[in-house]
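Presented below is the structure to which this report refers.
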Amino acid sequence: MAHLSIVGMGYVGLPLALAFDAEGHDVVGFDTDARKVARFRRGEDPTSEVGSDAIDRSDITFTTSESEIESSDYYVITVPTPIDESGAPDLAFIEAAGETVGATLSDGSTVVLESTVYPGATREVLLPVLEEKSGKTAGTEFYLGYSPERLVPGNAAKGLSDIVKIVSGHDEVALERLRALYGDVVDAGLHPAPSMEVAEAAKCLENTQRDLNIALMNEFAFGCRQLDHPIDARDVIDAASTKWNFHEYHPGTVGGHCIPVDPNYLIWQFEQHGFDSELIRTARSVNDEFATQMATAAIEALGERAQTLNREYETINADGGQVPDGSGPTAVTVPQFPDDGPRLLVLGFAYKPGTTDIRSPVLRDAIEQLQEVVEVVGVDPHISNEAVRNDFDVPVQESLSVDDFDGLLLSTPHDAFRSLDLGAIRDRMNELPVLVDVTGTYDSDEAAEHGFIYRGI
């Protein structure tokens, strides 16, 4: 059995560590976050992905000490790869991990990167750091490979063992070592890529494809809302999906650590070589525009409520962000509400149901726009109130209470929100409440029957 060190204990590194531990390997889980490591040592799961019992039962050594990862047979790097404010790749975490690993490499060790990067980054960025820090040469004194993570947070039916693993190596020896390593924990099979660059590009393409398909549905939904007789895009999708070769995607926010980020890695790398990936860039703009569409739907519904209740209001034009093609600002009609209202309760801050991941820049942007004209409060049963307050700058409820609210914005369809009794909710809210459902969870007719002003996207 091998001695493995997993560098970066997040949504990717933790399941990997547990899988290798279950196969009898000697596993060290390394992370620079001392608070997170302390929770692991107490048998707690801060990611809510694997469960505290699994951590408590494991024999994994959790540490912040570089000395405990020295002389490992394998180093698996699973650190974040975000983008900066301009959309360019930020590989600082990979460079730091490379220095940490490089300082502890022994002859014959194998390093594998799982973090999402642009094609060429493993060879051009990680390899030089490892060689400089270790004083060793790849291919003779240590081995290097790339194997993109493909886990889907919140999807228990598709775990590490159930997803085909792409593996690639700097050379044939590295590739064979990765095949032997991952063959222990992946039942679905391995796909050896012909180069590390192919494996890197494959991961970017997987999420870029989803980004483009969601962008198509979002743009279609935006257009459907502007018709003289607006139609529900989801009804259209249900009808179209009856054809055997229609690929079913739905409009919605794009969040998390992959889909909003990975296309930018391709955009940036292609641009470095003189190619403008116009379609990928446009899809990103369309999906970012969902924030303004969400805020507009809520403001329009609350404005209709104000009109119906004969409250004093006036409309002003506000910059609602950039239209998808970047040609200029979108004009949004914003009611000027009375000082005593309205109050909007946001249901859910995770980017997808059943998870604790709050990396949702679209929702954050929508809330910032809403806060210009309404009072926003939030609640999420899966995320700590402190995390929501820090990331979204809104007051947070300890438990769901709709009393004295004028509207609801369902942004994450957690099970707790799907099971709400609309009739009971309606009775506790202020007169003529608003329900903005950007997830397609609730039926518009049912909401109207219970007395809500309903908006969807």
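- Side-chain atoms of Val436 and Val438, non-hydrogen and from C-beta on, do get closer than 4.5 Å to each other.
- Pairing each heavy atom of Asp406 with each of Met429, the nearest pair is C-CE, 3.9 Å.
- Within 6.0 Å of atom CG in Asn245, more than 12 heavy atoms from other residues, nucleotides or ligands are found, so the atom counts as buried in its surroundings.
- Annotation: ring-ring contact (aromatic ring centres under 6.0 Å, His included) contacts involving residues 417-457, sequence neighbours excluded, comprise His414-Phe417.
- Between the CG atom of Asp56 and the CG atom of Asp45 there is a distance of 11.5 Å, given to the nearest 0.5 Å.
- Crowding of Arg123 atom CZ: a count of heavy atoms from other residues, nucleotides or ligands under 6.0 Å exceeding 12.
- With contacts defined as side-chain heavy-atom distances shorter than 4.5 Å, the pair Ile77/Val112 does not qualify.
- Comment: Glu300 engages Arg225 in a salt bridge, judged by a side-chain N to carboxylate O separation of less than 4.0 angstrom.
- Remark: Asp380 CG to Phe349 CZ distance equals 7.0 Å, nearest 0.5 Å.
- Side-chain atoms of Pro251 and Arg234, non-hydrogen and from C-beta on, do get closer than 4.5 Å to each other.
- The residues Arg343 and Asp404 are annotated as not salt-bridged, no charged nitrogen and carboxylate oxygen being separated by less than 4.0 angstrom.
- Applying the side chain to side chain donor-acceptor pair (under 3.5 Å) test to Arg284 and every residue at least two apart in sequence or in another chain returns Asp211, Asp288.
- Residue Ala366 comes nearest to Met294 through the heavy atom pair CB-SD, 3.8 Å, listed as atom of the first residue, atom of the second, then distance.
- In this structure a side-chain-to-backbone donor-acceptor pair under 3.5 Å is present from Thr81 to Thr116.
- Contact check for Val402 versus Leu400: side-chain heavy atoms found under the 4.5 Å cut-off.
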Mind running side-chain contact (heavy atoms from CB on, under 4.5 Å) on Arg210 and Cys258 for me, showing each step along the way? CA-CA 10 Å; Arg210 287 185 57 78; Cys258 288; over 6 Å; no

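- Expressed to the nearest 0.5 Å, how far OG of Ser161 lies from CD of Glu23 amounts to 8.5 Å.
- In this pair, Phe62 and Phe40 present their aromatic rings parallel. The plane angle is below 30°, not in the 30 to 60° band.
- Residues Asp421 and Gly423 come closest through the heavy atom pair OD1-N, 2.9 Å.
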Could you walk me through whether Val164 and Arg150 satisfy the side-chain contact (heavy atoms from CB on, under 4.5 Å) test, starting with their C-alpha distance in whole Å, then the side-chain angles of each, then the deciding distance to 0.1 Å, before giving a yes or no? CA-CA 9 Å; Val164 173; Arg150 303 175 105 182; 4.1 Å; yes

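- In terms of modelled atom types and a separation under 3.5 Å, the side chain of Tyr351 and the main chain of Thr356 share no donor-acceptor contact.
- Residues Tyr11 and Thr78 fail the side-chain proximity criterion, which asks for heavy atoms closer than 4.5 Å.
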Less than 3.5 Å apart, which donor and acceptor atoms pair up between the side chains of residues 86-96 and the rest of the protein, not counting sequence neighbours?
| unit_1 | atom_1 | unit_2 | atom_2 | d |
| --- | --- | --- | --- | --- |
| Ser86 | OG | Asp84 | OD1 | 2.7 |
| Asp90 | OD1 | Ala92 | N | 3.1 |

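- Between Lys165 and Glu114 there is a salt bridge, since at least one side-chain N of the basic residue sits less than 4.0 Å from a carboxylate O of the acidic one.
- In the model, Glu398 has a side-chain atom that pairs as donor or acceptor with a side-chain atom of Asn385 under 3.5 Å.
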Verdict with supporting geometry, Ser115 and Glu149, side-chain hydrogen bond (donor to acceptor under 3.5 Å, both in side chains): CA-CA 7 Å; Ser115 307; Glu149 63 89 5; over 6 Å; no

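- Take Asp33 and apply the side chain to side chain donor-acceptor pair (under 3.5 Å) test, not counting sequence neighbours, and it matches no residue.
- Put simply, the side chain of Ser5 never gets that close to the backbone of Val28: no donor and acceptor are under 3.5 Å apart.
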Carefully, step by step, assess Leu435 and Leu422 under the rule side-chain contact (heavy atoms from CB on, under 4.5 Å). CA-CA 10 Å; Leu435 173 57; Leu422 291 184; 4.2 Å; yes

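- Glu304 places no side-chain N or O within donor-acceptor distance of the main-chain N or O of Thr308, the cut-off being under 3.5 Å.
- Looking at Leu18 and Ile60, their side chains come closer than 4.5 Å, going by heavy atoms from C-beta outward.
- Considering CD1 of Ile267 and CD1 of Ile280, their distance stands at 6.0 Å, rounded to 0.5 Å.
- Side chain of Glu200 to main chain of Thr122: a donor-acceptor pair is present (N/O by atom type, distance under 3.5 Å, no hydrogens or angles).
- In terms of modelled atom types and a separation under 3.5 Å, the side chain of Ser411 and the main chain of Leu347 share a donor-acceptor contact.
- With no hydrogens or angles considered, a side-chain donor-acceptor pair links Thr441 and Thr439 at under 3.5 Å.
- The structure places CD1 of Ile83 at 4.0 Å from CG of Asn264, a figure rounded to the nearest 0.5 Å.
- Residues satisfying the salt bridge (Lys or Arg N to Asp or Glu O under 4.0 Å) test with Asp357, not counting sequence neighbours, are Arg359.
- Of the charged side-chain nitrogens involved, at least one lies within less than 4.0 Å of a carboxylate oxygen, so that Asp391 and Arg364 count as a salt-bridged pair.
- Within the structure, ring-ring contact (aromatic ring centres under 6.0 Å, His included) pairs that include any residue of residues 232-264 do not occur (at least two apart or interchain).
- Counting only heavy atoms from C-beta outward, the side chains of Phe270 and Tyr118 never approach each other to under 4.5 Å.
- In this structure a side-chain-to-backbone donor-acceptor pair under 3.5 Å is missing from Arg428 to Ser401.
- When all heavy atoms of Thr64 and Phe30 are compared, the pair lying nearest together is O-CE1, 3.3 Å.
- Side chains of Ile425 and Leu408 form a contact here, defined as non-hydrogen atoms less than 4.5 Å apart.
- Closest heavy-atom contact between Ile214 and Gly252: CG2-O, 4.0 Å.
- Residues Leu266 and Cys204 approach most closely at CG-CB, 3.5 Å, considering heavy atoms.
- Under a 3.5 Å cut-off, the side chain of Asp365 and the backbone N or O of Pro361 do not form any donor-acceptor pair.
- Using modelled atom types, one side-chain atom of Gln269 and one backbone atom of Pro119 make a donor-acceptor pair closer than 3.5 Å.
- Residue Glu248 qualifies as enclosed at atom CD: its count of foreign heavy atoms under 6.0 Å is above 12.
- Once rounded to the nearest 0.5 Å, the distance linking CG of Leu14 with CG of Asp31 reads 10.0 Å.
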Would you sort out whether Ile299 and Val373 count as a side-chain contact (heavy atoms from CB on, under 4.5 Å), showing the intermediate values? CA-CA 8 Å; Ile299 291 168; Val373 288; 3.7 Å; yes

